[in-house]
Participant: 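If you scroll down you'll find the structure; I have some questions about it.
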Amino acid sequence: MDHNPLTNPTRNAPASGFKQWVRLYLQNSRYRENIRRATEHALEQRRLAVDEIPDWERLRQEGHRRKQQIIDHLPEHLNQFIENARARGIVVYQAPDARTANQFVEQIARQHGVRRIVKSKSMVTEEIGLNAHLQQNGLEVVETDLGEYIVQLAGETPVHLVGPALHKSRQEIGQLFAEKLGVTYTEDPSELTRLARNILREKFLTADMGITGANFGIVDSGRVVVVENEGNARLCMTLPRIRVVIMGMERLIPSEADLPLFLTLLCRSATGQRLTSYVSITGGPASSPSPEGPEKVYYVVVDNGRSRLLQDPHLKKALYCIRCAACYNICPIYQTIGGHAYGWVYQGPIGAVITPELSGDQRADDLPFASTLCGACSDICPVKIPLHHLLLYQRQRIVQRTSGPHSEKLGFALFEKLARHSMLWNRMIRLLGKVQRVFPGELPVPGWTHSRIFPRVEWPTFTQWWQKHKRKTP
Amino acid sequence: MAQTVHLFIPCFVNAFFPTVGIACVEILENLGYRVVYSTDQTCCGQPAYNSGYVKEARSLATRAIQLFGVADYIVAPSGSCTAMLKHYYGTLPLTRKERQDWDLCRNRFYEITQFITRVAGVNHWKGTFPHSVTFHDACHALRELGIRDEPRQLLTRIQRLKLIEMPHADRCCGFGGTFSVKFPELSTAILEAKIASLKQTGAEFVVSTDSSCLMHIAGYLKKHGESITALHLVEVLWQAWKNDGSPPILNGTHAP
């Protein structure tokens with residue numbers, strides 16, 4: 001399947017994109033089966049890891065509380081983080097939006113004569129469309145996380161926060177490698193990994209610049225933390241002479257003493273590991289306190305719509321997110337349609353909450369409505385973001401700010417009028433019952449009866465039964 | 001003097017599933033409560049609220065609050081409507097007076113399973129229901145009100161009732177109110193996973209605390225000629241009593 005043009009918000013897509021994409025992806029049974037299997041596996045791994053921790057609820061509380069401290073005073077914490085980073089000899093640039101962030105990275109690359117860039121997995125670079133920008137300007141950018149590498153080879157975008165290629169079976173990956181790399185077809189995972197590693201090793205050794213994201217920025221030290229399982233991010237941050245860290249401005253935690261807490265919450269929620277294989281904490285360039293490290297280190301701290309979330313007393317809670325994707329895995333919507341159908345970089349419940357603000361694009365307005373409000377996301381979130389309440393809140397905001405579907409507005413106005421008058425309301429029920437009885441066959445209800453019988457009004461209704469039995473009214 | 005329960009019957013239960021309401025009345029009266037009901041009752045406003053229409057929801061919320069009067073308890077056979085009344089009304093832009101009225105009600109709202117087990121103190125349901133059933137956790141009952149063990153406690157004590165748990169009983173059935181008609185294909189695809197789970201059990205009945213989920217599940221089962229029947233928990237409880245001939249004589253330990 002072609003990759004979803006909506007995934008890159010800079011490209012044009014039909015206004016009613018989301019519903020069309022949902023229909024399209026619902027028909028792709030192989031993709032759906034891969035998504036289902038991967039999310040069930042992730043949930044089971046998480047469950048086992050969380051069950052090991054008797055006071056998991058207390059840890060969630062604590063994670064929530066620390067992120068709240070940061071987000072409630074984000075500008076101050078950000079200034080302190082930047083100050084501490086600069087004291088380590090790191091050049092920090094605060095990018096107000098995607099365009100300026102991309103231009104800044106391009107500028108650094110030019111300034112240092114960079115030709116080849118290796119990169120580890122980073123959602124914020126997907127969000128700002130960094131790879132496309134750098135490639136359009138003649139730079140080679142190689143994704144080095146295996147999942148990202150697969151997605152890049154396929155010309156797609158990540159389908160999931162943690163497992164970018166989890167929609168692909170090993171057979172599909174085998175075919176992709178055979179086609180794009182000219183190797184003999186194999187579906188053996190370790191053989192496929194070896195093939196990718198051989199190619200990537202050469203790229204690492206010859207790259208001039210390494211780009212990584214940051215799972216956490218530590219306010220009181222100015223250092224950043226990256227968690228991973230493949231070691232590719234560590235190579236990206238140690239081998240090339242120029243190191244660039246791109247991070248969302250909300251990625252902060254107060255101090256290194258908070259790391260045990262946040263690593264526990266993140267690793268166990270994301271992959272069910274007690275700890276990922278690699279946890280790297282990095283500081284400034286060589287010759288600052290430590291003689292080791294790259295020649296130059298840059299932090300690009302990205303706003304790109306986050307200030308809009310921060311300004312809202314409710315939505316700012318979405319900035320507590322540590323990007324574990326547990327809410328993706330548990331969400332009945334995500335489980336059913338996977339990430340690409342959302343059409344945006346951030347998917348699942350958290351994506352549906354933040355995308356309308358981050359994108360500022362009305363095409364994202366469908367997303368908060370694509371939820372059953374089952375609340376499983378809020379229950380699983382390791383930092384207790386009330387996700388389904390935020391989805392509800394986004395619905396209210398969207399209804400208030402847009403003209404909305406006209407028929408729906410009229411519908412609810414009429415509904416309210418009827419429901420305020422029990423006589424009218426009961427007449428409506430009687431009328432519906434009569435129509436159902438004279439209509440030949442099943443009375444069609446748009447959006448319902450194609451797959452489900454619509455129930456029939458029963459005589460007597462409960463109210464009629466009550467009246468007949470002369471029960472007392474209060 | 002018996003305590004009074006004001007019954008709140010969800011709008012669609014009134015019209016489509018009146019036996020659920022009748023079972024509530026019979027159960028509550030046999031537990032020794034005086035049951036009252038306002039025939040002026042319509043809808044709690046949840047469909048508007050969940051669709052983002054705050055003004056309309058507020059209008060219906062303030063109307064509903066006025067109907068409850070001074071009853072000791074306000075009980076509904078729905079976790080979803082109870083959560084709306086008990087929790088979400090508090091997020092609406094109410095006037096000071098309206099908020100005071102709601103405050104006087106909020107601690108009296110109960111979903112009926114919670115009411116039977118926690119307030120009436122009945123955990124051992126006397127009765128017979130010679131069938132296999134599987135239980136679906138309704139999302140709002142489970143996550144907004146914390147109802148998980150109570151329905152199972154009641155069901156497992158019924159004579160000859162065989163409770164067979166389905167895989168992922170706590171996963172959503174895909175209804176989601178207006179979601180089910182806004183995204184019909186998606187809603188149905190989620191429902192199909194639930195149907196597969198409950199069919200795995202081979203149970204004759206699927207039971208839940210919310211008629212909304214059951215309307216969704218049963219709607220699919222009937223459309224596709226499946227033989228599983230959907231029943232509200234109170235219908236099973238009431239039928240179990242009737243199967244024993246009559247409601248058990250309560251010895252007063254549970255009766256208020």
Side-chain angles (χ1 to χ4, degrees), chain A residues 19 22-23 26 32 332-333 335-337 369-376 378-379 389 392 394-400 408-409 412-413 415-416 418-422 425 429 432-433 445-458 460-467 471-474, chain B residues 4 6 9 11 13-18 21-22 25 34-43 45 47-54 56 59-60 63 69-71 139-140 143-144 171-172 174-177 179-191 193 215-216 218-220 222-223:
Chain A
K19 286 186 181 179
V22 167
R23 288 199 188 102
L26 276 177
R32 283 181 60 193
I333 314 299
Q335 279 208 330
T336 307
I337 56 169
F369 292 91
S371 163
T372 63
L373 302 174
C374 74
S378 307
D379 262 15
H389 293 164
L392 254 171
Q394 279 288 31
R395 292 182 183 186
Q396 294 170 7
R397 281 164 52 91
I398 289 164
V399 166
Q400 273 164 22
E408 186 181 283
K409 286 223 151 128
F412 277 112
F415 167 77
E416 186 253 351
L418 286 169
R420 280 199 73 81
H421 303 283
S422 53
W425 182 260
I429 292 170
L432 173 63
V445 178
W448 182 276
T449 39
H450 73 288
S451 66
R452 298 150 290 199
I453 300 265
F454 190 80
R456 217 166 69 150
V457 173
E458 294 287 331
T461 64
F462 177 76
T463 300
Q464 287 167 338
W465 177 86
W466 181 271
Q467 281 162 336
R471 305 279 176 160
K472 289 193 181 71
T473 41
Chain B
T4 307
H6 187 121
I9 297 298
C11 50
V13 169
N14 171 51
F16 303 130
F17 311 106
I22 297 167
V25 175
R34 194 173 78 90
V35 179
V36 296
Y37 172 72
S38 165
T39 54
D40 265 344
Q41 194 196 291
T42 56
C43 171
Y49 182 76
N50 283 0
S51 303
Y53 290 81
V54 177
E56 289 78 1
S59 159
L60 297 180
R63 179 183 184 277
V70 295
C139 292
H140 290 170
R143 298 196 187 85
E144 307 283 351
R171 297 250 179 105
C172 183
F175 174 61
F179 167 82
S180 63
V181 288
K182 270 191 182 159
F183 298 93
E185 299 91 349
L186 181 48
S187 168
T188 303
I190 298 169
L191 175 58
M215 173 171 81
H216 194 225
Y220 186 96
K222 281 184 195 161
K223 185 102 185 176

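Being a predicted model, the structure only gives us computed values, none of them experimental. Protein chains get the first letters and strands the later ones, always in sequence-line order, with residue 1 at the start of each. These values consider heavy atoms only, across backbone and side chains, with no hydrogens, waters or symmetry-generated copies.
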Participant: Relative to chain A, which of B:Ile9, B:Val54, B:Val13, B:Asn50 shows the most heavy atom pairs under 4.5 Å?
Facilitator: B:Asn50
Participant: Taking C-beta and beyond as the side chain, do A:Phe454 and B:Lys223 meet within less than 4.5 Å on heavy atoms?
Facilitator: no
Participant: Answer whether the closest heavy-atom distance between the side chains of B:Phe183 and A:Leu26 falls below 4.5 Å.
Facilitator: no
Participant: Do you know which of A:Gln396, A:His421, A:Arg456 has the most heavy-atom pairs with chain B at a distance under 4.5 angstrom?
Facilitator: A:Gln396
Participant: Could you check whether B:Tyr53 and A:Phe415 have their ring centres less than 6.0 Å apart?
Facilitator: no
Participant: Any donor and acceptor pair, going by atom type alone, linking the side chain of A:Arg420 with main-chain N or O of B:Ser59 inside 3.5 Å?
Facilitator: yes
Participant: Are the side chains of A:Ser378 and B:Arg143 in touch, meaning some heavy atoms are under 4.5 Å apart?
Facilitator: no
Participant: Side chain, backbone, both or neither: which part of A:Arg32 has a non-hydrogen atom closer than 4.5 Å to chain B?
Facilitator: side chain
Participant: Under a 4.5 Å cut-off applied to non-hydrogen side-chain atoms, are B:Arg63 and A:Ser422 in contact?
Facilitator: yes
Participant: A:His389 versus chain B, heavy atoms under 4.5 Å apart: side chain, backbone, both or neither?
Facilitator: side chain
Participant: Would you say B:Phe179 and A:Leu373 make side-chain contact, with heavy atoms under 4.5 Å?
Facilitator: no
Participant: Go through the atoms of A:Val22 and report whether side chain, backbone, both or neither lie under 4.5 Å from a heavy atom of chain B.
Facilitator: side chain
Participant: Taking side chain as everything from C-beta outward and backbone as N, CA, C, O, which of these in A:Arg23 sits under 4.5 Å from a heavy atom of chain B? Side chain, backbone, both or neither.
Facilitator: side chain
